[in-house]
Amino acid sequence: MQIRRATAGTTNLPQSGSDTTGFDRLHPEIRRWIWEQKWEELRDVQDRAISAVLDTEADVLIAASTAAGKTEAAFLPVLTKVADRKGSGFSVLYVSPLKALINDQFRRLDQLAERLEIDTVRWHGDAPQSAKQRARRDPRGVVLITPESIEAMLIRRPGDAKAMLGSLDFIVIDELHAFLKGPRGLHLASLLRRIDALSAQPARRIGLSATIGDLAVAARWLNPGQAEDVRVVESSADSPELRLQVRAYSDPEEVEDADGLEADERQVALDLIADHMFSVLRGANNLVFAGSRKRVEALADRLRTRSEKVSVPNEFYPHHGSLSKELREELEDRLKKGDLPTTGVATTTLELGIDIGSIKSVAQVGAPRSLSSLRQRLGRSGRRRGVPAVLRIYVRERLLGKGSDPVDHLRLETVRAVAAVRLLVERFVEPPSIDAAIATVALHQTLSVIAQEGGARAGTLYQILCSSGPLSSLTKADYAQLLRGMASAEHRLVEQAPDGTIMLGEQGERLTASRDFYAIFSTDEEWRLVSSGRTLGTIPMSNPVGVGVVIAFAGRRWRIEAVDDRGKVLEVVHHRSGRIPKFDNVMNEPVHDRLSAEMRAVLQDMSVPGFLDDAAKEYLSEGRAAFRQLGLDAGSLVPAGKDTHVFTWHGTDVNAVLGFAFASAGLDCAILDVGVTVLDTQPDVVQAIMRQIADRPPDIDQVADFVENLQSAKFDEMVPEQLLRSLWGRSRHDVAERVASAVRAVVADFNDTTNGKPDAPTRRG
DNA sequence: GACCTGCTGCGGTTTG
């Protein structure tokens with residue numbers, strides 16, 4: 001067996017010593033292990049990662065698709081480096097967003113590490129206690145951990161934490177893209193800073209990421225101080241051939257619940273979609289992404305029913321966050337084993353890196369709203385060389401009638417599907433969006449540091465948490481405001497000793513002592529569904545429950561036999577009918593500016609893509625006709641009954657801020673994917689107000705006064721409202737600029753149109 | 001904002 005150098009792609013790394021390959025430089029025991037694996041060669045990313053880790057002292061960012069062997073790319077050189085390390089304390093901290101991923105990686109890593117006599121320990125809530133205890137007594141080697149378990153380690157046993165984490169050589173962060181947005185990423189960034197503070201020499205960081213739009217953002221996350229020093233190893237592998245189809249279906253116009261269970265007489269679009277999936281997906285392994293938990297249940301139920309009708313074994317199983325771990329693992333194992341044809345119908349739960357074997361095709365219901373998500377899903381199919389990736393997008397449009405809203409005539413679902421495919425081909429991916437959770441994370445981490453240290457001075461807290469990194473957008477004045485709020489009689493989270501030391505207050509003690517403290521996100525209370533002693537999953541408390549109520553869940557139908565109010569348990573048995581429980585949220589995933597703009601380009605264009613089925617072609621041409629008929633090629637305002645649509649062709653961020661600008665002028669708005677709807681207002685009034693906005697763009701801090709639901713993150717209710725409002729405005733300065741330019745573009749259209757139309761509205765503000 | 005994601009230590013019980 002010979003190991004050759006992989007075909008070199010472009011690289012931004014200095015070449016190492018002339019002829020030595022990455023392979024030659026690995027620890028002898030690792031080379032032997034690679035031979036035994038019968039690998040023919042190291043992948044390009046692996047080869048380059050080896051030299052980045054072994055030849056430099058820099059942080060390293062490895063960006064490649066799911067199947068490119070990123071974990072090995074990081075661990076082969078990292079283990080080579082730490083193999084002969086002596087002394088106590090872990091040498092490698094591997095952080096993952098998922099327990100399931102830790103278990104996967106542990107299985108892959110453990111035997112290799114054992115060969116090198118390197119200890120490996122899983123450290124998360126479901127990992128065996130005994131192994132953790134052993135590692136606590138004698139910490140060495142690699143620890144695989146979640147952010148929440150790091151949090152617990154730091155505040156429960158600060159002394160042990162220093163002994164365990166105070167002399168790390170490497171911190172490896174898996175699925176780094178999952179930490180680039182949202183509170184959990186801010187939380188982890190703060191924890192890593194605090195780990196650095198435990199040691200004389202901060203550990204080198206290695207980030208493993210999916211292919212993402214802006215690698216500079218990931219590099220900055222990895223090393224906020226010197227992002228330019230981060231070595232970037234990006235996969236140069238070509239993406240596989242893509243076979244693609246967009247299929248369109250129509251709902252009967254007045255359908256009440258397009259995602260409900262099958263009704264007897266009338267076929268809604270989802271029934272027709274299920275028919276098609278049933279006919280093309282059986283016999284192989286596939287993934288179907290349905291968007292919401294309700295739609296997952298609706299589709300899994302339809303597919304199982306179809307199997308029963310023609311007496312064939314069911315191959316379709318649901319997978320989402322409310323299903324029990326047991327049921328989810330059954331499906332994952334079935335997909336991984338690959339001996340029975342299986343289609344997983346999922347929300348986003350099957351997007352991340354857990355190993356599910358080879359997948360023939362990917363389908364999704366509803367036009368994509370995010371390119372990063374679409375790419376991630378596509379990466380699940382066609383992973384073997386020479387095998388094309390197969391993607392089917394099923395869109396639903398309404399049957400139009402006399403009273404239909406003009407927006408429905410634009411066929412925006414079909415248009416968005418076409419726009420998304422065009423951006424996919426262009427390789428566009430959304431950059432991570434703004435963070436709304438800085439104040440919540442600062443509050444949480446303040447309590448955590450005080451619990452860890454027993455007490456701290458305000459200046460020290462600010463230094464530890466905010467002096468650089470993602471929380472540094474908080475000024476000293478902001479932080480003082482936060483602390484004052486925490487110390488207030490209302491919250492009593494902290495109190496100040498006479499010498500100035502800040503300590504936990506009564507509520508702070510209570511909060512940090514609870515098991516619920518470790519995670520930066522919260523979950524609502526839910527009913528647990530149990531059938532014959534087996535947990536099926538959970539549904540929100542908001543669902544009406546009672547003995548005799550029949551529900552559809554986990555791909556089957558159930559009757560509630562008993563309700564345990566105290567234990568929050570619903571005892572259920574199989575039943576033939578039922579309805580799908582509510583999963584609360586009704587809002588949509590936000591759309592990026594670029595996708596909205598591309599939708600307009602699709603409507604203006606004349607070409608008809610070959611990947612559309614006949615129905616989708618028809619809808620596209622209807623949408624284009626409506627676009628011209630509504631005058632959208634030259635204007636932006638469309639009356640709809642008592643309301644007026646304003647087409648900005650910008651994304652959700654911009655439209656939301658524009659909505660608040662209208663609110664500040666006293667008008668109510670609904671937010672669309674490509675604009676806003678001003679309620680109970682005629683176009684001439686809207687036009688006048690838009691001219692005002694264009695003349696004097698509203699100050700974002702003034703607009704912020706009209707935001708109502710400012711509290712969105714876990715501890716926001718304990719953050720002074722004034723601080724939340726100020727942060728909201730500050731994080732949206734660039735959005736405000738985009739709103740101003742969108743408004744100017746709309747107003748320019750008025751002027752063009754006005755020139756040609758003598759009867760145009762004359763009213764001005 | 002769709003959808004996700006996480007959890008200590010101790011006391012009690014069961015089992016070998």
Side-chain angles (χ1 to χ4, degrees), chain A residues 95-102 123-127 129 132-133 136 145-158 160-161 174-175 177-179 181-188 191 259 289-296 319-323 325 328 346-354 364-370 372-374 376-377 430 433-437 444 448 451 511-524 538 583-592 651-657 659 671-673 707-714 728 732 735:
Chain A
V95 189
S96 152
L98 293 180
K99 289 182 289 190
L101 199 55
I102 287 178
W123 196 295
H124 60 67
D126 301 339
Q129 277 289 335
K132 289 196 257 183
Q133 263 164 28
R136 184 150 46 217
I145 197 166
T146 60
E148 290 71 21
S149 284
I150 298 176
E151 179 67 58
M153 212 183 234
L154 289 175
I155 63 174
R156 287 285 163 257
R157 297 166 177 271
D160 289 347
D174 206 350
E175 307 275 358
H177 54 277
F179 292 115
K181 56 176 182 179
R184 207 171 177 210
L186 295 175
H187 183 197
L188 178 59
L191 292 170
D259 291 334
F289 293 97
S292 73
R293 285 168 287 185
K294 182 173 185 186
R295 212 177 296 148
V296 164
H319 193 278
H320 58 73
S322 294
L323 283 176
K325 195 173 90 164
R328 288 162 62 163
T347 52
T348 59
T349 43
L350 291 176
E351 274 178 26
L352 276 164
I354 34 177
Q364 89 160 36
V365 182
R369 302 179 66 82
S370 137
S372 64
S373 190
L374 182 63
Q376 194 80 8
R377 292 169 185 187
E430 297 84 0
S433 54
I434 41 182
D435 275 306
H444 178 248
S448 174
L511 209 57
T512 52
S514 86
R515 183 168 162 275
D516 186 50
F517 180 74
Y518 309 117
I520 197 68
F521 50 87
S522 55
T523 36
D524 298 333
T538 58
F583 288 102
D584 287 345
N585 284 312
V586 283
M587 296 294 286
N588 267 326
E589 184 180 14
V591 169
H592 187 268
T652 312
D653 284 347
V654 165
N655 295 328
V657 169
I671 308 302
L672 306 171
D673 288 346
V707 182
E708 273 170 19
N709 48 348
L710 278 169
Q711 297 180 2
S712 57
K714 188 174 177 186
W728 188 93
R732 280 170 182 75
V735 182

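- Between A:Lys294 and B:dA2 there is no side-chain polar atom (N or O) within less than 4.0 angstrom of OP1 or OP2.
- Checking B:dA2, B:dC4, B:dC7 against the side-chain heavy atoms of A:His124 singles out B:dC7 as nearest.
- Classified by interplanar angle (parallel below 30°, tilted 30° to 60°, perpendicular above 60°), the ring pair A:His187/A:His444 is perpendicular.
- A:Arg377 comes within 4.0 angstrom of nothing in the nucleic acid, heavy atoms only.
- Taking 4.0 angstrom as the limit, A:Thr146 places a side-chain polar atom (N or O) nearer than this to OP1 or OP2 of B:dC7.
- A:Asn588 has no side-chain polar atom (N or O) that falls below the 4.0 Å cut-off from OP1 or OP2 of B:dC3.
- Taking only side-chain nitrogens and oxygens, A:Arg293 comes nearer than 4.0 Å to OP1 or OP2 of B:dC4.
- Taking atom NZ of residue A:Lys714 and atom P of nucleotide B:dC4, one finds them 19 Å apart after rounding to whole Å.
- For A:Phe521 and B:dT5, the ring-to-base geometry satisfies the stacking test (centroid distance below 5.5 Å, interplanar angle below 30°).
- Listed here is the closest heavy atom pair of A:Ala161 and A:Leu154: CB-CD2, 3.9 Å.
- The nucleotide whose nearest atom lies closest to any side-chain atom of A:Glu148 is, among B:dG6, B:dA2, B:dC4, B:dG6.
- Not counting sequence neighbours, the partners of A:His592 by the ring-ring contact (aromatic ring centres under 6.0 Å, His included) test are A:Phe428.
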Do any N or O atoms of the protein come closer than 3.5 Å to N or O atoms of nucleotides 9-16 of chain B, and which pairs are they?
unit_1 : atom_1 : unit_2   : atom_2 : d
B:dG9  : OP1    : A:Arg157 : NE     : 3.1

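- Evaluation of atom-type donor-acceptor distances gives a pair under 3.5 Å for the side chain of A:Asp653 against the base of B:dG1.
- Using a 4.0 Å heavy-atom cutoff across all strands shown, A:Ser712 reaches sugar-phosphate atoms only and no base atom.
- Phosphate contact (OP1/OP2 of B:dC4, side-chain N/O of A:Thr347, threshold under 4.0 Å): present.
- Note on A:Ser370: nothing from the nucleic acid sits closer than 4.0 angstrom, heavy atoms only.
- Among the protein residues, A:Pro97 comes within range of the sugar-phosphate backbone only, with heavy atoms under 4.0 Å from sugar or phosphate atoms but none that close to a base.
- OP1 or OP2 of B:dC7 sits under 4.0 Å from a side-chain N or O of A:Ser149.
- Summary of the strand contacts: A:His320 and A:Tyr518 both lie near DNA chain B, and taking for each the nucleotide with the nearest heavy atom, the more 5' one is attributed to A:His320.
- By the side-chain contact (heavy atoms from CB on, under 4.5 Å) test, A:Arg157 is found to be paired with A:Arg136, A:Asp160, residues two or more places apart in sequence or in another chain being considered.
- In this structure, A:Asn709 reaches the sugar-phosphate backbone alone: every heavy-atom distance under 4.0 Å involves primed, P, OP1 or OP2 atoms, never a base.
- Under the ring-ring contact (aromatic ring centres under 6.0 Å, His included) criterion, A:His177 pairs with no residue at all, not counting sequence neighbours.
- Residues satisfying the ring-ring contact (aromatic ring centres under 6.0 Å, His included) criterion with A:Trp728, sequence neighbours excluded, are A:Phe660.
- Legend: residues meeting side-chain contact (heavy atoms from CB on, under 4.5 Å) with A:Glu708, ordered by chain and number and at least two apart, are absent.
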